[in-house]
Protein chains: 2
Amino acid sequence: MKSTIVYGISMAVLLFLLKWLEVKYLIMDNLFELYAGIIAIVFMVLGAWFMYSLQQKKQEIAEKKQIIQNTEIGLSQRELDVLELMSQGYSNQQIADKLFLSIHTIKTHSSNLFLKLDVKNRTQALLKAKELEIF
Amino acid sequence: MKSTIVYGISMAVLLFLLKWLEVKYLIMDNLFELYAGIIAIVFMVLGAWFMYSLQQKKQEIAEKKQIIQNTEIGLSQRELDVLELMSQGYSNQQIADKLFLSIHTIKTHSSNLFLKLDVKNRTQALLKAKELEIF
DNA sequence: AATTCGCTCATACTTTAGTATGAAATTATC
DNA sequence: GATAATTTCATACTAAAGTATGAGCGAATT
């Protein structure tokens, strides 16, 4: 979508430049180097911009993947909350304090998400979350 | 260093193209669009290439940082061994089995590397190791 | 209305992790 | 060769993590 627009714009700019040159270069032949330089700069920027937008797309695709995998595993919202804090290195007690819950609740969510992720402890859960690109 | 060379080459290419054009465009005026297109393409590629090499440099700098920090923290070989297995989600007992050591030794190394990394538990150690890009 | 699901909390228990301390053997390092 | 750092193991302890089970509540679904 966006790349098509950019392509159209760049083509328009090129044609505009060429037409402008067609009119002018009979009068000022010696300024050709300047025009060539302008074209070079414009398209150098365009090239850089294309590279940039290409990587932006890569990121978007990666983010979409995350969402799909997130929903497929079937972690509930609270389980995701706990997993996120867990992945940041917090203890159960710290997670309980942050979420205003009892440590018992955190342990329940922990055990449940361990089952869903098919892991034995929080370290493995962290690795699995990273592997599945949940965050 | 490398960027200077690339800059020189690109300037040389530009000058070559311009000189070539100077000679030719008296004979074939109507092919100017072609030359402009060639310049555009060449510099588009150059722009993309610059963007690419710019990110390569970023990576190199990051990698150098890793090495410096690795050596500055001063983890011993055994501590690194334990940290590596720890970062792969293994329990102390499993690490002991893999390294043919007692679980007591693993705990000693663990405590020591926690002090050196300034962390409280293995989850935080894992994050720190990732942050410092030890592996 | 009944059922399912997610969230919460609790008790009781087992297992694992982590700390403190000491000590002996090995290996670098000066 | 003496000193310092590393590696290994041990005991004893505290703290945290993890499991099993049950139960109450509310919201959504059938």
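Letters A, B, ... mirror the listed sequences (proteins, then strands); counts begin at 1. Predicted model, so just to flag it, every value in this text is computed and none were measured.
- Heavy atoms of A:S76 sit under 4.0 angstrom from primed sugar atoms or phosphate atoms, though from no base atom.
- The outermost nucleotides of DNA chain D lying under 4.0 Å from heavy atoms of chain A, listed 5' to 3', are D:dA17 to D:dT19.
- Within the 4.0 angstrom heavy-atom criterion, only backbone atoms of the sugar-phosphate kind lie near A:Q77; the bases stay farther away.
- The backbone N or O of B:S91 sits less than 3.5 Å from a side-chain atom of B:Q94, completing a donor-acceptor pair.
- Rounded to the nearest 0.5 angstrom, B:S87 OG and B:L80 CG are separated by 10.0 Å.
- Taking atom CD1 of B:I106 as the reference point, atom P of C:dA17 lies 11 Å away to the nearest angstrom.
- The shortest side-chain heavy-atom distance between A:M86 and A:L126 does not fall under the 4.5 Å cut-off.
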Name the atoms and distances for all side-chain donor-acceptor pairs under 3.5 Å in residues 95-104 of chain B, with sequence neighbours left out.
from, atom 1, to, atom 2, distance (Å)
B:D97, OD1, B:Q93, NE2, 3.2
B:S102, OG, B:H104, N, 3.0
B:S102, OG, B:T105, N, 3.4

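- Spacing between atom CG of B:N112 and atom P of C:dA17 amounts to 17 Å, rounded to whole angstrom units.
- Here the side chain of A:Q124 pairs a donor or acceptor atom with the backbone of B:G89 at under 3.5 angstrom.
- In this structure, NZ of A:K107 is placed 15 Å from P of C:dT16, rounded to the nearest angstrom.
- Among the atoms of the strands shown, none is found under 4.0 Å from any heavy atom of A:S110.
- A straight line from NE2 of A:H104 to C1' of C:dA10 spans 6 Å, rounded to a whole angstrom.
- As judged by a 4.0 angstrom heavy-atom cut-off over every strand, A:S102 is placed among residues touching the sugar-phosphate backbone only.
- For the pair A:N121 CG and C:dA17 C1', the interatomic distance rounds to 11 Å; values are reported in whole Å.
- Note: NE2 (B:H109) to C1' (C:dT19) measures 16 Å, nearest angstrom.
- Between the CZ atom of A:F100 and the P atom of C:dT8 there is a distance of 13 Å, given to the nearest Å.
- Note that NE2 of B:H109 and CG of B:L75 are 11.5 Å apart. Values are rounded to the nearest 0.5 Å.
- Rounded to the nearest 0.5 angstrom, B:L127 CG and A:K130 NZ are separated by 9.0 Å.
- One atom, CG of A:L75, and another, P of C:dG6, lie 11 Å apart when rounded to the nearest Å.
- Using a 4.0 Å heavy-atom distance criterion, A:T105 is classed as a base contact.
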